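Predicted, not measured: the structure shown is a model, and the values here were computed from it. Residue numbers begin at 1 in each chain, while the letters A, B, ... track the order of the sequences. No hydrogens, no waters, no symmetry mates; every other heavy atom, side chains included, goes into these values.
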Protein chains: 2
Amino acid sequence: MRRMTARPANTHQARLLRLLRDGGPNSRAQLGDRIDLSRSKLAVEVDRLLETGLVVADGLAASRGGRRSHNIRLAPQLRFLGVDIGATSVDVAVTNAELEVLGHLNHPMDVREGPVAVFEQVLVMAAKLRASGLAEGFDGAGIGVPGPVRFPEGVPVAPPIMPGWDGFPVREALSQELGCPVMVDNDVNLMAMGEQHAGVARTVGDFLCVKIGTGIGCGIVAGGEVYRGTTGSAGDIGHIQVEPDGRACACGNRGCLEAHFSGAALARDAEDAARAGQSTELAARLESAGKLTAVDVAAAAAAGDATALDLIREGGNRVGQVIAGLVSFFNPGLVVIGGGVTGLGHNLLASVRTQVYRQSLPLATGNLPIVLGELGPVAGVTGAARLISDHLFSPA
Amino acid sequence: MRRMTARPANTHQARLLRLLRDGGPNSRAQLGDRIDLSRSKLAVEVDRLLETGLVVADGLAASRGGRRSHNIRLAPQLRFLGVDIGATSVDVAVTNAELEVLGHLNHPMDVREGPVAVFEQVLVMAAKLRASGLAEGFDGAGIGVPGPVRFPEGVPVAPPIMPGWDGFPVREALSQELGCPVMVDNDVNLMAMGEQHAGVARTVGDFLCVKIGTGIGCGIVAGGEVYRGTTGSAGDIGHIQVEPDGRACACGNRGCLEAHFSGAALARDAEDAARAGQSTELAARLESAGKLTAVDVAAAAAAGDATALDLIREGGNRVGQVIAGLVSFFNPGLVVIGGGVTGLGHNLLASVRTQVYRQSLPLATGNLPIVLGELGPVAGVTGAARLISDHLFSPA
DNA sequence: CGATCTTTGTCCTGAGTGTGGAGAAAGTTG
DNA sequence: CAACTTTCTCCACACTCAGGACAAAGATCG
C-alpha cells in the first residue's frame with residue numbers, strides 16, 4: 001500500500017489539515033467559517049489537498065436546511081506510530097490521522113538495555129500492531145525517550161538514566177527501519193503534548209506537566225508551544241535541590257528532588273518502612289511480592305495505612321515545594337501531574353496543592369487548577385503521534 | 001510639530017522599520033540582502049514608507065565601487081520616551097527611533113507615594129527633557145512598573161510593593177497626558193528587553209534576566225520573546241521559599257528569597273552587623289550616614305571588610321540556589337544579573353556561579369554564561385523604548 | 001580620457017494569489 | 001409548487017511579487 005508522500009504546499013493547506021485533525025468542521029462551508037479565507041480560495045486549496053490524497057471527500061452530510069455538504073476528512077488509511085520509551089517500559093500505539101489511538105501495546109523493559117535492544121522490541125510491537133490489521137504501514141512516527149534530546153537532530157544527549165543512548169541517532173535509525181519520517185522528543189514533552197491535544201490541557205496556552213515516574217520531569221508549554229530550552233534539557237527538575245545535604249542522588253549531588261521523591265524513591269522508602277516494622281500492611285505486601293512499588297504504596301494508603309499515607313504526603317510536600325517555585329516563576333494557567341505515580345491520586349494532589357497555594361503568590365495561584373493527567377499511559381503515545389503529525393502537517 | 005501618525009501597512013514594512021531601527025543596512029540594496037523580498041517589491045515598500053514620513057532618504061553614501069546608494073533611515077525627528085519606575089526612584093529617558101538614549105534623568109522617589117504623585121514627577125521630567133531641546137514631542141512611550149501588569153490593558157495588578165497602584169489605568173492615563181501611544185510592562189521585563197536590544201543578550205534567544213534591587217524579579221525571554229505568563233506575574237521569584245521557617249517576609253510568608261537577600265535585606269543585615277560590632281568598616285559608614293545601603297556594603301567589601309564579603313557571599317548563595325533551580329527548569333542560554341546590586345559585582349557573581357555550576361546538570365550549565373548586565377540604569381529605559389517601538393513598528 | 005566593469009536603482013511584464021459576485025445545485029418549509 | 005437556505009462552483013478583476021531588461025552613476029585601468 002502506498003504511504004503518505006505529499007506534504008501541504010502552503011500554510012493554508014497546513015492549517016486545513018490541522019483543523020481536520022483536531023476534530024473540527026468537515027464541510028467546505030464550515031471550514032470557511034474557521035479559517036480566514038474566501039470561499040473560492042478555500043475551495044481551490046481543498047481541491048488540491050484532495051488531489052494529493054491527504055484528504056478525501058466521502059459521502060454527503062445530512063442537510064442543515066439546504067444543500068447537503070460533502071464530508072471532507074483526512075485520508076482514513078493514514079496511520080501514525082506513537083512510541084513512548086519509559087525508564088522501565090515501552091509503550092507503542094497506532095493512531096489514525098485524527099490521532100485517535102486504534103491500538104496500544106505495553107511491554108516492561110529496562111531502558112538501560114540500550115537502544116539496540118529497545119528498538120528491536122519497538123519494531124516487534126509495531127509489527128504486531130500492523131499484523132492485527134490496524135495499519136498496513138506507517139506514515140510517520142513520533143518517539144519519546146526519558147532524557148534530554150537535541151530536538152532538531154532527534155538525538156538523545158547526556159541522558160543520566162540512559163547509558164548507551166548518548167548520541168545514538170534515534171531519528172535516523174528508526175526512520176530507516178520503519179521507512180517513514182520520525183520525530184524524537186523528551187517523553188515528558190510528549191506527555192504534555194498529549195494532554196494538550198486530547199486531555200486536560202486542551203484549552204490552556206501556558207501550562208506545566210509534571211511527570212513523576214521512575215524519575216521526575218516537567219513538560220513546559222508556553223504560548224501553545226512546547227518549550228525545550230537551549231540544549232533541550234528544559235524541564236529537567238528532578239535534580240533541583242530540595243534539601244541541603246540531603247540524600248545522595250545518582251547524579252552525584254545531594255538532596256535532589258528525585259532522590260527524595262519519585263517512583264523509585266517511594267518504593268525504596270516503603271521497603272525501608274516495611275523492614276523497620278513501621279507498617280504491617282506494607283510488610284505483608286513486601287513479604288508476598290519480594291519488593292514494593294508505588295502501586296503497593298497507593299494500595300496500602302487506600303487501605304488506610306498511616307505509614308503509606310505519610311510517605312505520600314511527605315513526597316507531595318517535596319514536589320509541591322518545587323512546583324510552588326515553578327508556579328511563581330512561570331505563572332502557568334494549569335499544572336498537570338501525571339506519570340507512574342498517578343495512582344497515588346488525591347492524597348498526593350492534596351499535599352501538592354497545599355504547598356503551592358501556601359507558598360506562591362495569590363496572583364499566580366488565584367485561578368490555577370492543579371490536576372491529575374487525564375490520559376494516563378495514552379498521553380505519551382498520543383503526544384508522540386501529535387509530534388509527527390505537527391511536523392507532517394506543516395509546509396515542507 | 002507633527003508627530004508620527006502612520007503605522008506600517010504590512011509585515012514587510014514592519015520588518016523594514018525594525019531592520020533600520022536595529023542598526024541594520026541603510027541602502028535599498030543592503031536591505032534587500034537581509035530581507036526575503038525581490039528588489040522591485042522592496043523598492044515599492046520603501047517608497048511607501050518614504051511617503052508616510054516614517055522613513056527618510058537623506059543624501060548619498062560613499063560609493064563601494066559603483067553607483068552611490070541613497071541613505072535610507074528612520075525619520076530623525078522621531079522620539080520615544082522610556083520610563084522606568086523603580087521602588088525607590090524614577091528613570092526617564094528620551095531616545096531616537098534607533099533607541100539610542102539622547103537624554104536620561106533620574107529622580108529618587110518612593111513608588112508608594114502612589115500613581116498620581118509619580119506621574120506628576122514623570123511628566124515634569126519629560127517636560128525637562130523636551131525643554132532641553134532633545135525632543136519636540138513624543139511619538140510613543142514605554143513605561144515599566146515594579147510589579148505584575150495585565151499586559152494587554154496596561155494595568156498593574158495586585159502589586160505587593162505598590163499599594164495604590166492596583167488597577168490604576170497607567171496606559172490610558174499616561175497616553176492621555178503625553179498625547180501618544182503608551183505600552184506598560186513589568187520593570188524586569190523591560191530590563192530584559194533592554195539587555196536584549198543593546199546589551200549582553202543581543203544574540204541569545206532564551207535567557208533569564210535577574211534583577212536584584214529593593215526586591216528580586218526575573219525577566220524571562222523564550223524564543224526571543226518576553227514571556228509574561230497567564231496573569232502577567234511570570235518571573236516573580238522574590239517569594240520563592242529558600243528556607244523553611246526562615247525570615248518573615250512582607251508578603252506574609254516565611255523564608256522568601258527576598259526576605260533573605262535583596263537590596264533591602266542586605267542593607268538591614270549590614271546595619272545589624274554594624275550594630276553588633278562585627279565590622280568596624282560598616283559601623284563607621286553607618287555612623288556617618290545614619291543608614292546603610294547595598295552601595296555601602298559593596299564599598300566595604302571592596303575595602304576588604306570580611307563581614308561585608310560574607311554578607312555578599314551568603315546572599316549570592318541564596319540567589320544562586322534559586323537560579324540553579326531555574327536553570328535546570330528553563331535551560332537558558334544566558335543568565336544576566338542586574339539591578340541595584342550590580343555594584344556588588346564579581347563577589348556576588350562568584351557565589352552565584354558556584355551554586356549554579358554545582359547544583360545544575362552539566363548539560364544545562366555546560367555552555368551557560370552568567371554575567372552582569374551591561375547597561376545598568378539604561379537597560380530599563382531602553383527596554384521601555386523598545387517595547388513601544390515594537391508596538392508601533394508592527395502592522396496596525 | 002575613454003572603454004569596461006560594478007553597484008544601485010527603476011521599470012515592465014507575466015505568473016500567481018486571493019476576493020467577491022453571480023448563479024447553479026440540492027435541499028427544507030409551508 | 002413557490003420561497004427560502006445552505007452549499008458549492010465559476011468567473012472577472014485587483015493585487016502581490018519575482019525576475020529580467022535597462023538606465024544611472026561611479027570606479028578602474030590601460
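As a whole-Å value, the separation of N26(B) CG from dT7(C) P is 17 Å. To the nearest angstrom, C1' of dG18(C) lies 15 Å from CD of Q13(A). In this structure, Q30(A) atom CD and dT7(D) atom P are separated by 7 Å, rounded to whole Å. Rounding to whole angstrom units, CG of residue D47(A) and C1' of dC10(D) are separated by 12 Å. For the pair R68(B) CZ and dG26(D) C1', the computed distance is 9 Å after rounding to whole Å. One can place CG of L31(B) at 16 Å from C1' of dT10(C), the figure rounded to the nearest angstrom.
Distance alone, capped at 3.5 Å, places no donor-acceptor pair between the R79(B) side chain and the T95(B) backbone.
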With sugar-phosphate taken as primed atoms, P, OP1 and OP2 and all else as base, the protein-contact string of nucleotides 12-18 of chain D at under 4.0 Å (heavy atoms; B, S, -) is ----SSB

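Checking dC8(D), dT8(C), dG26(D) against the side-chain heavy atoms of S63(B) singles out dG26(D) as nearest. The side chain of R67(A) approaches dA25(C) more closely than any other nucleotide in the set dA25(C), dA27(D), dT8(C).
Atom CG of residue L334(A) and atom CD of residue E195(A) lie 9.0 Å apart, to the nearest 0.5 angstrom.
A distance below 6.0 Å separates the ring centres of F330(B) and Y227(A).
The shortest heavy-atom contact between A192(B) and G219(B) is CB-CA, 4.3 Å.
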I would like to know whether R228(A) and D185(A) meet side chain to side chain contact (heavy atoms under 4.5 Å, CB included); could you show each step before the answer? CA-CA 9 Å; R228(A) 300 189 172 83; D185(A) 204 344; 2.7 Å; yes

Checking V55(A) against R73(A) for the side chain to side chain contact (heavy atoms under 4.5 Å, CB included) test, could you report, in this order, the C-alpha distance in whole Å, the side-chain angles of both residues, the deciding distance, and whether it holds? CA-CA 6 Å; V55(A) 151; R73(A) 60 178 55 172; over 6 Å; no

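Taken over five-pair windows at either terminus, the axes of the helix from dC1(C)-dG30(D) to dG30(C)-dC1(D) are inclined to one another by 0° (rounded to 10 degrees).
The side chain of R28(A) contributes no N or O atom lying less than 4.0 Å from OP1 or OP2 of dT6(D).
The number of heavy atoms from other shown groups lying within 6.0 Å of CG (D58(B)) is above 12. More than 12 heavy atoms of other residues, nucleotides or ligands lie within 6.0 Å of CD in E153(B), so this atom counts as buried by the packing criterion.
Ion pairing between a basic and an acidic side chain is recognised when a charged N comes within 4.0 Å of a carboxylate O; R48(B) and E45(B) show such pairing.
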